[in-house]
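FYI, side chains are in, hydrogens and waters are out, and symmetry mates aren't considered; it's all heavy atoms of this structure.
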Amino acid sequence: MDLSYTAEEQAFRQEVRSFLDEKLPKEMSDAVREGRGLGKEGHDRWHAILNEQGWLAPNWPQEFGGCGWNAVQRHIFEEECCRAHAPRIVPFGLSMLAPVLQKFGSKEQQDYYLPKILNGEHWWCQGYSEPGAGSDLASLKTKAVREGDHYIVNGQKTWTTLGQYANWIFCLVRTDPDAKQQEGISFLLIDMDTPGIEVRPIILLDGTHEVNEVWFTDVKVPVENLVGEENKGWTYAKYLLTHERTNIAGVGFSQAGLDAVKRLARSQMHKGRPLIENPYFAARVAQAEIDLMAMSTTNLRIISAAASGQAPGVESSMLKVKGTEIRQEINDMARRAAGVYAMPFASEAVEGGNEPPIGPEGTAPVAAQYFNNRKLSIFGGSNEIQKNIIAKVKMGGRA
Amino acid sequence: MDLSYTAEEQAFRQEVRSFLDEKLPKEMSDAVREGRGLGKEGHDRWHAILNEQGWLAPNWPQEFGGCGWNAVQRHIFEEECCRAHAPRIVPFGLSMLAPVLQKFGSKEQQDYYLPKILNGEHWWCQGYSEPGAGSDLASLKTKAVREGDHYIVNGQKTWTTLGQYANWIFCLVRTDPDAKQQEGISFLLIDMDTPGIEVRPIILLDGTHEVNEVWFTDVKVPVENLVGEENKGWTYAKYLLTHERTNIAGVGFSQAGLDAVKRLARSQMHKGRPLIENPYFAARVAQAEIDLMAMSTTNLRIISAAASGQAPGVESSMLKVKGTEIRQEINDMARRAAGVYAMPFASEAVEGGNEPPIGPEGTAPVAAQYFNNRKLSIFGGSNEIQKNIIAKVKMGGRA
Amino acid sequence: MNFDLTEERQMLQDSLRRFLSDRYTTSVRNEILEGESGYSADIWGQLAELGVIGALFSEEDGGFGGAGFDISTVFEELGRAGVVEPLLDTALLGGGLIAALGNDSQKELVEEVIGGAVQLAFAHGEPTSRYETSRVETTATVDGAEIILKGQKAVVVNAEAADHLIVSARESGDADSTDGISLFLVPRDTAGLSMRGYALLAGGRAAEVDLDGVRLPETARLGAAGGAYSAIADALARAEVALAAETLGAMETATELTRQYLLTRTQFGRPIGTFQALQHRVADLLIELEQARSAVINAAGHLEGDARLRDLNIAAARNLIGRAGRLVAEDSIQMHGGIAMTQEYELAHIAKRIVMAEHRFGDADTQLERFLDLSAA
Amino acid sequence: MNFDLTEERQMLQDSLRRFLSDRYTTSVRNEILEGESGYSADIWGQLAELGVIGALFSEEDGGFGGAGFDISTVFEELGRAGVVEPLLDTALLGGGLIAALGNDSQKELVEEVIGGAVQLAFAHGEPTSRYETSRVETTATVDGAEIILKGQKAVVVNAEAADHLIVSARESGDADSTDGISLFLVPRDTAGLSMRGYALLAGGRAAEVDLDGVRLPETARLGAAGGAYSAIADALARAEVALAAETLGAMETATELTRQYLLTRTQFGRPIGTFQALQHRVADLLIELEQARSAVINAAGHLEGDARLRDLNIAAARNLIGRAGRLVAEDSIQMHGGIAMTQEYELAHIAKRIVMAEHRFGDADTQLERFLDLSAA
């Protein structure tokens, strides 16, 4: 057992830190720290900066343009990006679709799509969830019927994050209506400019436009956009979901969030003393910090095991649950810290805008973030689903 | 709405208080306050004092020797008894068996058994639970086979509280082995002196002998000891369980417990100040007190509704869950307050004995009580069973 | 002891519940949320006509209620329907303060409030006062027959719509002394008074108010100079009972929506309400709901008595409801899943009302501290 | 970074686990619990032979381990099996203090400890010191070539069995000053030393120790006069890592017993482990178990470094394990039902070990305060 990083790992951390110091635009890190959105342009810009450095695709094999980092290096990179308030890399093309194409896509698909993910030409979004399906993905209803060398797609997807910026969508569609639930599903790549596609915004409870419905009416998709084999899409979908789980613990986000809470609680006065000195608030912060210290080590244990070739199993479900609980607890503390100034509806502060936010520095976005991040325990496999998985594995398949 | 007691109710409270001042022996209230057991003699003595006053059976109809009190008066009586650290009235004969006999027993049974419950000649215990049955009472296996004018009883009962003091036991037995689970059960009264009965102690995790196993080997029970009809015992059992639920909230116990915690925390020093002034300990006490204030009103609401003729429904399950949670939380605070002096195994302090207890006043029994009272959420219908009941009623029978 | 509503209150409850369930639908309310004024003048007028505002005032003040259980009855219903109309600000705080301190001429406004003709706002909190009710740094200086107000007021709910603001200002004493605070009735268009308005996350609107040498006649003062604190404390006590009851009502709706959703929504081929893990969580919510209901009864029932006991029961209720409310809001969203994350869904609004109520007059931790202080007193 | 045990520790873990699972069965342990001495001399000898005691000392001190991960490896196994033998008191505290402060002649005892031939107890806490490690009111007065000890020591674990007590006493300074505390090696049969022994709720024995003018030669002092506090703090740090690891082990057993029970026990016609509400609670326990495991790794891994960072990680681990341990103990009992309430059932003992560990060196609240103090430092 050794809790310290090797000299090489420390040097790598230094390299990442220097890069971020130099290349991360200040207005961008300010926006992230203050909880403001970046818009498409912001995301594109950061994407391009990373691509130029060759650090855009840490999880890709080097043959496809990945960085060749091991799990610990990827962790260090993520940790430093969070600490520096770098924007989150939009994951749909890079972390979700790309691994599927790299494993199951044809050579032609790999050659065509992967470079366009890196150079930003394609902005991907996901077409997994459907209304009424929730965590029960396999019950999806959007169907694709083969007609000649096209599929005709009809149906509706939902919870499509940043679909308003995307020009491509990867979709799970039902190609065999008679097969049992998880069979008869295929994995299709669809150009969002195809006629018959309509993107409708969903406004979340904090007033943000971050997810969408995507409607398909007789949308013609060339058969060469099928990934792998017809009716085998469920296999690829599960593979994708496993990869979605990287950085599932969100340690870096929690650490940055906790720092922000402390900053806010140092400046907010409560009965004539900084709030951070109030024993009840201090206890909340300390317990979250203690929980996070432990979870961070659990995360490193799993990363370290992965680095030595062990596949993460049920541990990623445990990290998902604990990680989201901690992040949500931190969001709760932040709203408490803001006091009465949690009340304003600061959607402009979140989405960008010119008026200065209401209230002292750091208070404007916290209540909205508290509500927005209720999604953490719902989306990406709800925490209840994760507990079902844990029980199934640990209770000897009796679940 | 009116939260205050009527003048009559206040006068009644005064009457109860005067009685307790005068008649409750000090050594008895000291023992209760210090968490020491009373032994059979102590219980018998208090029982006789109450019987002499005519206050032994608050929940009996007056025709059988009850006090004729309404629900609010009974609540006041219980509250004052807890406040004065009066011993708990052993409920098996008075509160559990008697209502069954009063409703379903024959005139002969009523005339024979009820006076002996009041005068203390019969000490009853319960023969409901069986090993392996737990909360699933209906799966019981003890069987009674009719032979002439006797039943021959074979089987085993468990968790028989204070069975070591009892000379009679009421039992659920299976009289029709072919009937479905809840059918084929009968309700028998059995003299513990009958040959073939063996009582074996179960020592609980805090070292106390409070429950027992009762083994039956070819025990001959006269048929006139059958209550009601053969194979209809489940009906009587359910009726009994409903009556077991009186004072289910345990408000008086919690109030007395909270007072004890405060006393202890005022005398224990933590970093040079009384523990009660420590913000974290104070917060625990305050939250329990706040929860108890609310639960106490819920309890009164239900009592008040019962007094005006409404039958308590799912509310008693809610009270059971919340009431036991609060009591267990208070036990947890008490053990915290005791600090290192929670560590001694003070079984002699609990069961009575001559050596003075280890540690400052009030610390000796707290850890044992903490462990002992884990039973509160297990016995009498576990809290999980209560939640099933709540869900069944409130989720439209879908549970 | 008696836990039944009086016949009058039962009728008020019934008629208000019926009115809101007929007229204050999700779509009507969502339109109000998008609107400019933060509330619906139409709904306001009808509430006044129904007698809902009058129920919050005593007969002496021209109403026909005003007791703790009147307030809790009305606000529980408002909470159930997620009403954002500013009854707490215009009636309980604004109207209540004028009724308590005003002279006969000032008190004419109360009648207009009851009739639904006037909107008020209580400009009391300041940018650094957080939840401290006696912390007032805004100054009132006598200048001949005039008074000059200088200072900033923070998150003044309903300020933009208010015809008059009731502004607290200090005439003497330290920044957090209870002595020396006065109240002034300030017409919104008074020179020197400016504001920056904004929507609130849970509905309604508020403003940051700037008092840049606002000149008022001495007759604008409510009550004696420097002696307003006790009336402020009384009004806030009434407002906190109202807020606790409102949150209770919202918790009832959240739990009921969840219960209904679980019975109808299917997943993996069965209603999700048949999954035991969710059933037990609903049972937990129902148990907390009963706790919250009792806490509101305790607070409302002690509103008219001894001030320490009143505040102790209020702090207890608000602490309990702060904790239980968070559980109900978060678990209701969680058990619904994605649908509850969308702005237009009823639960989203209800959950925001529940959680954001903690930010008026002190969150659960602040109430716990207050309970401890009062227990020690 | 590396989270694998070294080969040596892996071997130690394997052999200790095998030994305990073969020899330290529930019935063997329950007999020990009923016994007079609080532990089994037979088991003790075999643990010494297995090298378990030696693993807790550095090579310099005659052992072959002594690092944080040696301690955590050993005590996690002891915890899994619910071992009540006084390794913490005799080896880590007693032996550790002699190794740290003793002169060559005194240090001969360490060898005997490692060989299993000697029992020790650390008589440090006092009736009013609670969890404060520097609060020592027992006095040591020099009288010619002798030292006189006067005072009371509270809940001295293993005192009756100990051949020597290591007694802390104050030679100078205020009652809670870290300066001025000395340690003395006191043979148990020394005149003036008396004790009242008793069993502990979670197994083992302790005593209230009275020092009524105990006269010792000056050579009984360990280290410099008044300078023992830092060694005490080091020894307590090692003991807290041990206790955290022991509790982790006990939590593993509690969770595993529960998991197994739920799979085999049937109710309402099916294994109760198929009820989803219970499945989710087991999942919660497993999640907390991973948290506890990481907290122990953090504490053990920082045992040799900077003292503030060491204590911060220890306080964090003990706070987390205090909270998680209570959850695991209570929920394991609850999910078992009645059977877990009986003294003879394995879980009953394990649950008591978990909960009562909070009462040595500070419960979760006390550890939280300590974490906050260290964070601010």
Novice: For each of A:R301, A:M318, A:E9, tally heavy-atom pairs with chain D at distances under 4.5 Å, and name the one with the top tally.
Specialist: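 Most heavy-atom pairs within the cutoff with chain D belong to A:R301.
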Novice: If the condition is ring-ring contact (aromatic ring centres under 6.0 Å, His included), which residues does A:F12 pass it with, not counting sequence neighbours?
Specialist: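 Counting only residues at least two positions away or on another chain, A:F12 forms a ring-ring contact (aromatic ring centres under 6.0 Å, His included) with A:W69.
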Novice: Quick one: which of D:L286, D:L5, D:V282 has the most heavy-atom pairs under 4.5 Å with chain A, could you say?
Specialist: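 Among the listed options, the one with the most contacts to chain A is D:L286.
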Novice: Charged N to carboxylate O under 4.0 angstrom, D:D234 versus D:R310?
Specialist: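 Yes, D:D234 and D:R310 are salt-bridged.
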Novice: When you check the side-chain N and O atoms of A:Q14 and A:Q10, is any donor under 3.5 Å from an acceptor?
Specialist: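 There is no such pair between these side chains.
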Novice: Hydrogens and angles aside, do D:T73 and D:D70 bring a side-chain donor and acceptor to less than 3.5 Å of each other?
Specialist: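 No - no donor-acceptor pair under 3.5 Å links their side chains.
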Novice: Tell me, side chain or backbone of D:I297 under 4.5 Å from chain A's heavy atoms, or both, or neither?
Specialist: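 Both parts, backbone and side chain.
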Novice: Treating D:Q279 as the side-chain partner and A:K387 as the backbone partner, does any N or O pair qualify as donor plus acceptor under 3.5 Å?
Specialist: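 Between the backbone of A:K387 and the side chain of D:Q279 there is no qualifying donor-acceptor contact (under 3.5 Å).
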Novice: What part of D:D365 gets within 4.5 angstrom of chain A, counting heavy atoms only: side chain, backbone, both, or neither?
Specialist: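 No part of D:D365 comes within 4.5 Å of chain A.
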Novice: Does A:V314 offer a backbone N or O that forms a donor-acceptor pair with the side chain of A:K394 under 3.5 Å?
Specialist: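 No: the side chain of A:K394 does not pair with the backbone of A:V314.
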Novice: Of all the residues in residues 287-299 of chain A, which have a heavy atom that comes within less than 4.5 Å of a heavy atom in chain D?
Specialist: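 Those residues of residues 287-299 of chain A which have a heavy atom under 4.5 Å from chain D are A:Q287, A:E289, A:I290, A:D291, A:M293, A:A294, A:M295, A:T297, A:T298.
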Novice: Look at D:Q291, D:E290, D:H302 and state which one has the largest set of heavy-atom pairs under 4.5 Å with chain A.
Specialist: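 Top count of heavy-atom pairs under 4.5 Å with chain A: D:Q291.
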Novice: Looking only at side-chain N and O atoms, does D:N319 offer a donor or acceptor that is under 3.5 Å from a partner on D:R323?
Specialist: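 Yes, because at least one side-chain N or O of D:R323 sits under 3.5 Å from a partner of the opposite role on D:N319.
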Novice: Is chain A contacted by the side chain of D:D4, its backbone, both, or neither, given a heavy-atom distance below 4.5 Å?
Specialist: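 Contact with chain A is through the backbone of D:D4 alone.
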Novice: Quick one: of A:T6, A:V285, A:I276, A:L300, who has the most non-hydrogen atom pairs under 4.5 Å with chain D?
Specialist: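 The residue among A:T6, A:V285, A:I276, A:L300 with the greatest pair count is A:L300.
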Novice: Which answer fits A:S304, side chain, backbone, both or neither, if we ask what part of it has an atom under 4.5 Å from a heavy atom of chain D?
Specialist: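 For A:S304, the side chain is the part near chain D, not the backbone.
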Novice: Is it the case that atom CD in A:E361 sees more than 12 heavy atoms from other parts of the structure closer than 6.0 Å?
Specialist: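 Atom CD in A:E361 is not crowded, with 12 or fewer foreign heavy atoms closer than 6.0 Å.
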Novice: Could you look at A:I303 and say if it's the side chain, the backbone, both or neither that has a heavy atom under 4.5 Å from chain D?
Specialist: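 Neither the backbone nor the side chain of A:I303 comes within 4.5 Å of chain D.
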Novice: Name the region of D:Q276, side chain, backbone, both or neither, that has any atom closer than 4.5 Å to a heavy atom of chain A.
Specialist: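 Contact with chain A: side chain only.
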Novice: Please classify the contact of D:E288 with chain A as side chain, backbone, both or neither, using a heavy-atom distance under 4.5 Å.
Specialist: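 Contact with chain A is through the side chain of D:E288 alone.
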Novice: Examine A:R13 relative to A:Y5 and say whether NZ or CZ is less than 6.0 Å from the centre of the six-membered ring and inside a 45° cone about the ring axis.
Specialist: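 Relative to the ring axis of A:Y5, which defines the angle, A:R13 lies inside both limits.
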Novice: Looking at D:L243, D:L87, D:V241, which one forms a side-chain contact (heavy atoms from CB on, under 4.5 Å) with D:F75?
Specialist: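 Of the listed residues D:L243, D:L87, D:V241, the side-chain contact (heavy atoms from CB on, under 4.5 Å) partner of D:F75 is D:L87.
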Novice: Does D:E240 form a salt bridge (charged side-chain N to carboxylate O under 4.0 Å, His left out) with D:R370? I'd like the steps, not just the answer.
Specialist: CA-CA 13 Å; D:E240 290 216 66; D:R370 189 176 160 205; 2.8 Å; yes
